[in-house]
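Letters A, B, ... mirror the listed sequences (proteins, then strands); counts begin at 1.
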Amino acid sequence: MSSLLRAVAAISLCLACVGAGRLRAQYEPAPASPFAGEENPRSGEQESAPEPAAEQPSPFDAALGFAAFTRSFEYKDNLSGLRSYGLDLGPSLALRLHWYPGAHFDSGAASLFGLDLRGQTAFAIDSAFGADKYPTSSNALGIGVRARLPIEGHELAAVIGYGHQSFAIDDALSGRRKLDPGVPSTSYSFARLGAELRFVFGDYAASAAAAYLPTFSTGEVGRLFPHASAAGMETEISLSRALSSAFELSFTLGLQRFAYSLKPQLSEVKKGLPIAGGALDQYLWGSLGARFFLGR
Amino acid sequence: MARIGEKRVDSRAFALVLLLGLGACVKPGSLDHRDEFKALLRGDGGSDRADAKISFPTDAGTGGNGKPGTSPATDGGQGAGCPAACDLIKNRCATAGCHAKTGAAGSLDLESPEIVKRLSGATAHTTACAGKTLLDRSMPDRSLLYGKLTDPPLCGIRMPVGIVLAASDIDCMRRWVASPSCTAPSASAPAADAGSDAGSRTGSVAGAGGGPAMMPSDGPLRIEAEAAGTVTSPLAAQSDASASGGMYLSVPTASMAAKNDAPATDGVASFIFQLAKAGNYKLWGRVRTPTLDNNSFWVRVDGATWVQWNNIAASADWQWNAVHDSAASEAVVMYDLKAGQHTLNVAYREPGADLDELLFTTDAAFTPSGVDP
């Protein structure tokens, strides 16, 4: 994990160094021509067509998406018959903000670093077993810092941040009695170490993102498996079409998974704790959203 | 293809390597010591069908957009859903005067063989629970074998009468109901735990869920902390080879705040014990209090005012300390108790303070030492 952290930090530093030089090349005014105000002494020679000015990166962009997602939670080597869980399809709203404060004032290195804020909340979901319905909620929040490197209109970015994500299945009420769903609620706290690529082709753009999520806490799974550890990853691919210079529509597919190593102990099993080797908590989603770029 | 300076970076290769690397990092773990776990599940006389339990049948939920999947339903090894459940039933339910074969309360016999076969789909005979299913593996929450253990119970009064099961045991029973099997009596049954020291000088309760600790007539009463009848979160049993019985009670979360006010219901362990004779009792605890920020508990007997047992000397090792009242100049507390049944509550005051054993004695000069004084 530490090596991955160092790698992401190195990428960020590299982006800063390389990007500073490139931005100067892209955004600084061209040197005054020694022939300014004069007739072009090379008239008659064919001039190469002027390249279009590279678009200055936006200091702020916000994306709001409507997503449909599925979730599955399954155990591996499940000797105790623990319940698996599946959510067929649930709706959610996702918001993502990127803000580069330095880009308001400078087009150099300061414009490369920013904040990464993201949140997601599901709605109208519940879980059922037999006739009993269990209130269910799912939320995610993330905050981080990001570094970007514009490359001829494309962009490479690295993100380091912290995230919290929960999927809670509450007890159902039957009269005055509570029914336990028998499925652990999860509450993940994790770091996000990620990289993103965005390619722009005229009005269209394609993006890919991946992140490793070293996980610090998992929620109720730890009650059943006190020695459990977990790690996560997420990937996204996205296609976008610009509606104007400031707006674009995008379609995104994503996958996130948290894998557990549950490490049950024989001594604890004798006292009633369950037996399973591992577990996989997996989310798949597709979203349709709009993204706004300030200053374009 | 993108360029960074003079270096060409194949972005597709970069993305592929990143994804493959992540995939390799994020895989669920496997079960180590699988054979030992399977042997534990089988118990003596159990059949070797544990592999049949490693499956995920089609989810059976209806309505809603999410559903818990069903548990594997097998008749494999003993206590398939939870290996300790059969022993719990044997020791806490199928006892004389309760649900033993002879004179079973409510005509519910939990002692005779083939318990799963006899109870699956059968209904209760009592008025309070008439018509309710005793054992339905597809609906453990609606099954009386689990539903009578919860607070509040599914119907009637909560079981077992007297000392309710610890939360972990109730959870164990729920998993057992979802995947029930008791193929043979277990040699590892903790029945002997409660009386394992009966012949020694001290009485003791060593197994979780044991009956009331009995005070022998000629010595102190020793109680294992993890044998509490109930333990409420965040207090929980922890394992440590240096603790008596390998277990102790603690609130391990270092980030949890100290409970400076007398506790309500959370973080409380409750013990019911029997005294053979009345007397003025001193209560000792075998504790581990690593720093001055992790060195206190709340204690009370028979619902009296909570005593702040604080300022225990910091020690990384287990030590015996007499319960004293830090709100009364650290005066050692003496409990004037009658013969008969009493209730002891110990609650966490600071996280990280560990409790291994408790000991009542009328001998004011007696100072316990070691694991089994």
Side-chain angles (χ1 to χ4, degrees), chain A residues 18 71 74 76-90 125-130 132-133 136 149 151 154 156 176-177 179-183 195 197 208 210 212 231-233 235 257 259-280, chain B residues 2-5 11 14-15 18-19 22-23 25-34 36-38 40-41 50 53-54 56 59 61-72 74 80-84 138-141 150 152 154 168-169 171-172 174-175 178-179 188 208 237 239 246-247:
Chain A
V18 176
R71 185 217 182 197
E74 293 191 342
K76 181 182 177 187
D77 292 351
N78 180 10
L79 299 191
S80 288
L82 296 167
R83 273 185 179 171
S84 58
Y85 177 85
L87 176 72
D88 291 340
L89 205 60
I125 60 173
D126 60 34
S127 303
F129 186 61
D132 304 315
K133 287 197 172 183
T136 304
L149 173 62
I151 307 168
H154 311 302
L156 172 64
R176 67 185 186 95
R177 185 168 179 274
L179 301 179
D180 184 340
V183 177
L197 288 165
Y212 178 59
M233 57 83 75
T235 61
R257 65 195 307 192
Y260 291 79
S261 184
L262 297 173
K263 303 174 192 143
Q265 307 291 308
L266 282 167
S267 59
E268 293 168 354
V269 167
K270 288 173 183 172
K271 292 184 177 295
L273 292 183
I275 307 171
L280 188 61
Chain B
R3 289 170 180 269
I4 298 177
S11 56
F14 174 74
L18 195 59
L19 289 174
L22 285 174
C25 289
V26 183
K27 291 189 301 186
S30 299
L31 196 58
D32 296 330
H33 312 297
R34 186 186 183 89
E36 293 175 62
F37 282 113
K38 288 166 73 174
L40 183 66
L41 284 173
K53 292 189 280 293
I54 308 169
F56 298 96
D59 291 338
T62 57
N65 42 16
K67 50 187 178 285
T70 54
S71 303
T74 74
C82 180
S138 68
M139 302 182 69
D141 291 324
T150 58
L154 192 57
S168 59
D169 291 338
D171 184 63
C172 172
R174 188 189 187 287
R175 283 181 276 122
S179 184
S188 61
S239 61
M247 302 286 287

To check you understand the geometry: which heavy-atom pair defines the closest contact between [X] and [Y], and what is its length?
X: B:Ser30; Y: A:Lys76; answer: OG-NZ, 2.9 Å
X: A:Leu82; Y: B:Arg175; answer: CD2-CD, 3.3 Å
X: B:Leu31; Y: A:Ile275; answer: CD2-CG2, 3.8 Å
X: A:Ala279; Y: B:Pro28; answer: O-CB, 3.4 Å

Legend entry - Residue pair A:Gln265 / B:Ser239, side-chain heavy-atom distance below 4.5 Å: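 No, side chains not in contact.
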
